[in-house]
S.K.: 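One structure, as structure tokens, below. Some questions next.
Here is how names work: the chains are called A, B, and so on, in the same order as the sequence lines, proteins then strands, and each is numbered from 1. Heavy-atom basis, side chains included; hydrogens, waters and symmetry copies ignored. Predicted model, so just to flag it, every value in this text is computed and none were measured.
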Amino acid sequence: MKKILMQTFFNRPTLVVARGLLGKYLVRRIPARGGQPARTLALMLTEVEAYDGPHDLASHASRGRKTPRNVHMFGNAGRFYVYFTYGMHWLVNVVTGPKDYPAAVLLRAGAYQDLKTKQITPVTGPARLTKFMHIDKAQNGKLATRATGLWFEDRGIQIPARAVSTGKRVGVDYAGPVWASKRYNFKI
DNA sequence: ACAAGGATACCT
DNA sequence: GGTATCCTTGTC
């Protein structure tokens, strides 16, 4: 059972979407090039983080929509917000909630299963995730659909509540005590 | 423990 | 114009 997640999934409160993404699959279709055949990668998400609204001081949207980088956070749900940081890393978010309400879920970790060997490889860290899935600025602002080559699927896996832990978001001490202490990080 | 690396934000 | 910072990782 594979069901592509549509905009209705993402157009909900950011925390609900974040929790709901655990156990869902991020799927990447990599087109053939340079003699290499096309291939499809599927990564089950195991850690995500919510950035919720214009007042969230940990969010790129907290300083308003005056800069070109964060415009997609204000867009409609189900689009990717991909940005470059630390001089070398791409990080990917999926935009949530209604248009003009800046919110997104950062994808931080997943698990990959090799179809032949059945071997499961953890992919931990948001920049390792984008590197593994071949995500960069080309996907920024694109809708999460098959046409984009990057989308989400529900493959029928349910993550029970007892398997989910929440915690503070990573690396957001600068956001002040209120927002830095929000338990907006969800992991299996 | 810290360098790498480059865009961004926020000054002057 | 300058410069401190950044939702990190790899290697020390």
S.K.: Tell me: CH2 of A/Trp90 to C1' of C/dT8, nearest whole Å?
M.R.: 14 Å

S.K.: What integer distance in Å separates A/Tyr81:OH from C/dC6:C1'?
M.R.: 11 Å

S.K.: Within the structure provided, determine whether A/Trp151 and A/Glu153 are in side-chain contact (heavy-atom separation under 4.5 Å).
M.R.: yes

S.K.: Got A/Phe9 and A/Phe152 here, is their nearest side-chain heavy-atom distance under 4.5 Å?
M.R.: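 They are not in side-chain contact.
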
S.K.: Enter the distance from A/Leu15:CG to A/Thr96:OG1 here, rounded to the nearest 0.5 Å.
M.R.: 8.5 Å

S.K.: Hey, does A/Phe132 have a side-chain heavy atom less than 4.5 Å from the side chain of A/Arg28?
M.R.: no

S.K.: Listing time: all N or O pairs from protein to nucleotides 2-4 of chain C that are below 3.5 Å?
M.R.:
none

S.K.: Just to be sure I understand the geometry, which residues of residues 99-108 of chain A put a non-hydrogen atom under 4.0 Å away from DNA chain C?
M.R.: A/Leu106, A/Arg108

S.K.: Check the geometry between A/Tyr174 and C/dC6 and answer yes if their rings are stacked (centres below 5.5 Å, planes below 30°), otherwise no.
M.R.: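 No, A/Tyr174 does not stack on the base of C/dC6.
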
S.K.: Output a table of nitrogen or oxygen pairs between the protein and nucleotides 10-12 of chain C separated by less than 3.5 Å.
M.R.:
unit_1, atom_1, unit_2, atom_2, d
C/dG10, OP2, A/Arg128, NH1, 2.1

S.K.: Grab the CH2-C1' distance between A/Trp179 and C/dC7 for me, whole Å please.
M.R.: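 Between C1' of C/dC7 and CH2 of A/Trp179: 15 Å.
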
S.K.: Using a heavy-atom distance cut-off of less than 4.0 Å, which residues of residues 54-62 of chain A contact DNA chain C?
M.R.: A/Ala58, A/Ser59, A/His60

S.K.: Residues in side-chain contact (heavy atoms from CB on, under 4.5 Å) with A/Ala61, at least two apart?
M.R.: A/Ser59, A/Met73, A/Phe74, A/Pro102

S.K.: May I ask you to establish whether A/Arg169 and A/Tyr51 are in a cation-pi arrangement, using a distance under 6.0 Å from NZ or CZ to the six-membered ring centre and at most 45° from the ring axis?
M.R.: yes

S.K.: C/dT8 P sits how many Å from A/Leu91 CG, rounded?
M.R.: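 Atom CG in A/Leu91 sits about 6 Å away from atom P in C/dT8.
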
S.K.: Rounding to a whole Å, what distance do you find between A/Phe84:CZ and B/dA4:C1'?
M.R.: 11 Å

S.K.: Return a table of donor-acceptor pairs under 3.5 angstrom between the side chains of residues 35-46 of chain A and protein atoms on other chains or two or more places apart.
M.R.:
unit_1, atom_1, unit_2, atom_2, d
A/Thr40, OG1, A/Arg29, NH1, 2.9
A/Thr46, OG1, A/Ala109, O, 3.3
A/Thr46, OG1, A/Gly110, N, 3.3

S.K.: OH of A/Tyr86 versus C1' of B/dA3: gap in Å, rounded?
M.R.: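 Computing the A/Tyr86:OH to B/dA3:C1' distance gives 13 Å.
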
S.K.: State whether A/Arg108 and A/Glu49 are salt-bridged, where the test is any N-O pair (Lys NZ or Arg NE/NH1/NH2 against Asp/Glu carboxylate O) under 4.0 Å.
M.R.: yes

S.K.: According to the Watson-Crick and G-U wobble definition with distances under 3.5 Å, which dot-bracket string, read 5' to 3', encodes DNA chain C, using [ ] for crossing pairs and | for pairs with another strand?
M.R.: ||||||.||||.

S.K.: Would you please name every residue forming a side-chain contact (heavy atoms from CB on, under 4.5 Å) with A/Lys187, sequence neighbours left out?
M.R.: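 For A/Lys187, the residues satisfying side-chain contact (heavy atoms from CB on, under 4.5 Å) (neighbours in sequence not counted) are A/Glu47, A/Ser165, A/Asn185.
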
S.K.: Show me the donor-acceptor pairs, under 3.5 Å and distance only, between side chains in residues 120-128 of chain A and residues at least two apart or in other chains.
M.R.:
unit_1, atom_1, unit_2, atom_2, d
A/Thr124, OG1, A/Arg128, NH2, 3.3
A/Arg128, NE, A/Thr124, O, 2.6
A/Arg128, NH2, A/Thr124, O, 3.2

S.K.: Partners of A/Tyr83 by ring-ring contact (aromatic ring centres under 6.0 Å, His included), sequence neighbours excluded?
M.R.: A/His60, A/Tyr81

S.K.: Without decimals, in angstroms, what is the distance between A/Asn140 CG and C/dC7 C1'?
M.R.: 15 Å

S.K.: Go through the side-chain N and O atoms of A/Tyr101 and A/Asn11 and say whether any donor and acceptor fall under 3.5 Å apart.
M.R.: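 No, A/Asn11 and A/Tyr101 have no side-chain donor paired with an acceptor closer than 3.5 Å.
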
S.K.: Salt bridge or not for A/Asp136 and A/Lys131, using N-O below 4.0 Å?
M.R.: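 So A/Asp136 does not pair with A/Lys131 through a salt bridge.
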
S.K.: So, using salt bridge (Lys or Arg N to Asp or Glu O under 4.0 Å) as the criterion, who are the partners of A/Asp100 when residues are at least two apart?
M.R.: A/Arg65

S.K.: Identify which nucleotide among C/dT8, C/dC7, B/dG6 has an atom closest to any side-chain atom of A/Tyr83, counting heavy atoms from C-beta outward.
M.R.: C/dC7

S.K.: If the condition is salt bridge (Lys or Arg N to Asp or Glu O under 4.0 Å), which residues does A/Asp154 pass it with, not counting sequence neighbours?
M.R.: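 Testing A/Asp154 for salt bridge (Lys or Arg N to Asp or Glu O under 4.0 Å), a comparison that skips the adjacent residues, returns none.
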
S.K.: Can A/Arg19 be said to sit on top of A/Phe186's aromatic six-ring, NZ or CZ under 6.0 Å from centre and within 45° of the ring axis?
M.R.: no

S.K.: Atom CG of A/Leu150 and atom CD1 of A/Ile30: how far apart are they, to the nearest 0.5 Å?
M.R.: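 CD1 of A/Ile30 is found 9.5 Å from CG of A/Leu150.
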
S.K.: Calculate the interatomic distance between A/His89 atom NE2 and C/dC6 atom P; express it in whole Å.
M.R.: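 About 15 Å, once rounded to whole Å.
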
S.K.: Classify the nucleic acid contact of A/Arg169 as base, sugar-phosphate or nothing, counting any heavy atom under 4.0 Å across all strands shown.
M.R.: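 Since no nucleic acid heavy atom lies under 4.0 Å of A/Arg169, the category is nothing.
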
S.K.: Given B/dA7, B/dA9, C/dC6, identify the nucleotide with an atom nearest to the side chain of A/Arg63.
M.R.: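 The closest nucleotide is B/dA9.
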
